[in-house]
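Report on the following structure.
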Amino acid sequence: MPLQLYNSLTRRKELFEPLIPGYVRMYVCGPTVYSHSHVGHAKSYVSFDVLVRYFRFIGNKVLYVQNITDVGHLLDDGEDRMLKQSRLEHQHPMQIAEAIARSYFEDMDALGLVRPDISPRATGHVLEQIAIVQSLLEKEFAYEVNGSVYFDVRTFKEYGRLSGRTLEEAVGGTRVESRSEKRYPEDFALWKRAEPEHIMRWPSPWGEGFPGWHVECSAMSMKYLGETFDIHGGGLDNQFPHHECEIAQSVCATGKPFARFWLHNNLVTVNGQKMSKSLGNFVTLKDLFTKYDPIVVRFFILQSHYRSTLDFSEQALDGARSGFERLQNAVQNLRAALARAEQEGRKGGSHCDAVAYDRQIRDALDDDLNAPQAIGALFELSKEMNALLASGSSVSLESLRSVDNVYRKYGQDVLGIVPEVPGSSRSENLENKLMDLLTTMRNEARKQKNFQISDRIRDGLKELGVTLEDRKEGTVWKKE
RNA sequence: GGCGCCGUACCCAAGUGGUAAGGGAGAGGUCUGCAAAACCUUUAUGCGGCGGUUCGAAUCCGCCCGGCGCCUCCA
């Protein structure tokens with residue numbers, strides 16, 4: 001089954017093929033860098049990370065662009081959120097932007113995300129934004145008032161297609177007082193006049209000012225991906241107005257189609273309510289990572305579909321952690337068995353049909369990136385292998401290798417929930433050597449029934465946060 | 001008020017016409033000097049409620065109840 005993706009533009013799953021065969025051009029709305037990332041950001045970026053990984057896995061080259069918004073994102077009262085934060089922290093806005101951008105990458109790296117190929121900043125692309133605004137003015141899709149430029153939404157008949165609303169509806173339901181400067185309440189700012197106290201300002205044909213929020217994404221996506229590209233992604237809460245406005249200004253500026261596929265991830269909820277900064281119910285990733293391993297958070301996120309809401313709770317996270325550990329154990333068991341089989345040069349043995357699971361996982365991912373279903377299949381495979389290994393039957397080298405291959409391909413490369421080396425008992429360092437020494441001594445003591453010594457070793461290690469487990473295959477240790 | 005989404009076991013969560021994936025928790029078991037872990041088995045005659053369409057519905061249609069999102073900054 002070829003890859004199908006749900007396109008918000010058409011409201012249905014569509015066969016996805018890049019415009020240029022074998023080359024996917026993709027843009028995802030990145031963070032506004034004024035405060036640390038929370039679980040909601042993680043859901044969005046983890047989802048698109050899996051998409052990028054999957055595109056590459058099935059043989060495409062991908063150019064993945066994700067912006068960093070460091071100007072123009074306004075609050076209700078018209079204040080730039082970057083400037084507000086800078087005022088609160090007594091720092092230059094670019095200081096905030098730099099610190100938060102670093103924090104963002106730190107968090108995303110921890111979650112195992114593949115970095116975007118290009119991470120352009122809005123402040124670095126003011127010229128490109130001005131060029132779009134100028135083009136829109138020339139073509140009379142926009143108008144200037146007192147040093148600000150607005151997009152005239154009535155000139156674009158497709159306005160509202162993405163979000164499924166018509167101008168009449170929108171204006172009827174608008175709860176915001178219309179800005180007197182605008183010709184029409186739904187018109188949106190392309191360029192804003194900077195008041196004297198406004199620090200972030202650039203010269204423009206209309207005087208000193210700063211770009212509107214939406215236009216940066218049009219400028220940066222088209223600069224690096226071309227006027228028409230394959231995929232534009234982002235959070236569902238950006239569908240309107242942000243993405244609607246992007247489409248309007250891009251299509252009108254170039255006269256060409258903009259993004260072909262629009263993908264929207266759903267939101268993280270807490271007790272059924274959206275996790276957001278304004279509600280104050282958000283959990284920053286940095287806080288979360290003190291309690292949960294980032295890869296557990298990633299696993300938790302991927303256990304629900306990207307287009308479903310994900311309800312956040314400690315109980316759910318704890319459940320994910322246990323499930324994650326179960327999968328790691330299964331992979332460890334399998335690899336230990338594989339190592340033994342390779343050592344003995346095993347010929348023959350019982351069979352496990354990894355191909356069926358491979359197929360199942362491929363089908364799940366091809367169907368609008370159904371990661372939870374793919375994970376379900378990985379667990380079923382694990383259960384079958386565990387049972388086979390526990391029964392004591394010797395599994396054929398070929399089967400063991402093909403199962404390991406499924407873990408590597410999907411668990412590791414595509415989903416990123418199986419580390420290169422699961423668990424902590426394998427790498428070669430002093431810690432490992434010391435632990436080997438201690439566990440060997442302890443097992444010798446146990447053989448001699450000197451349990452005073454053996455328990456003293458185990459209890460002592462426990463106090464240091466190291467747990468020993470005596471398994472059939474030998475003793476393994478884990479750090480808390 | 002307009003547009004849209006969701007309601008599946010104690011918790012999280014797939015499934016969108018063919019007779020309920022998966023994970024956690026609980027229960028039972030294997031292993032074991034003890035402990036812990038690991039592993040196995042097991043757990044929804046039913047998918048918010050009521051009608052309808054169909055040989056057949058969690059899945060389609062209608063109504064109702066409950067919750068949420070967007071319409072204003074948010075991934």
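Naming: A, B, ... by sequence-line order, numbering from 1 per chain.
For A:Lys449, no side-chain nitrogen or oxygen approaches OP1 or OP2 of B:C34 to under 4.0 Å.
Atom CG of A:Asp237 is separated from atom P of B:A75 by 7 Å (rounded to the nearest Å).
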What do the steps show when you test A:Leu285 against A:Leu111 for side-chain contact (heavy atoms from CB on, under 4.5 Å), and what is the final call? CA-CA 10 Å; A:Leu285 292 171; A:Leu111 286 167; 4.2 Å; yes
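Judged by a 6.0 Å distance limit and a 45° cone about the ring axis, A:Arg165 is positioned over the six-membered ring of A:Phe240. Judged by a 6.0 Å distance limit and a 45° cone about the ring axis, A:Lys182 is not positioned over the six-membered ring of A:Phe151.
Of the candidate nucleotides B:G33, B:G69, B:C40, B:G69 has the atom lying nearest to any side-chain atom of A:Lys274.
Taking the nucleotide of RNA chain B with the nearest heavy atom to each of A:Asn266 and A:His305, the more 5' of the two is matched to A:His305. Projected onto RNA chain B by closest heavy-atom contact, A:Ile375 and A:Ser304 fall at different nucleotides, the more 5' of which corresponds to A:Ser304.
Looking at A:Phe299 and A:Arg321, their side chains never come closer than 4.5 Å, going by heavy atoms from C-beta outward.
Judged by atom type and distance alone, A:Arg458 reaches the base of B:A35 through a side-chain donor-acceptor pair under 3.5 Å. With hydrogens and angles ignored, a donor-acceptor pair under 3.5 angstrom links the side chain of A:Asp455 to the base of B:G33. Judged by distance alone, with hydrogens and angles left aside, A:Arg307 brings no side-chain donor or acceptor close enough to the base of B:C5 to form a pair under 3.5 Å.
Residue ring and base: A:Phe379 does not count as stacked with B:G23 (centre distance below 5.5 Å and interplanar angle below 30° not both satisfied).
At the heavy-atom level, A:Val268 lies under 4.0 Å from base atoms of the strands shown. Contacts of A:Glu380 with the nucleic acid, taken as non-hydrogen atoms under 4.0 Å apart, involve only primed sugar atoms and P, OP1 or OP2. Nucleic acid contact class of A:Asp311 (heavy atoms, under 4.0 Å, all strands): sugar-phosphate only.
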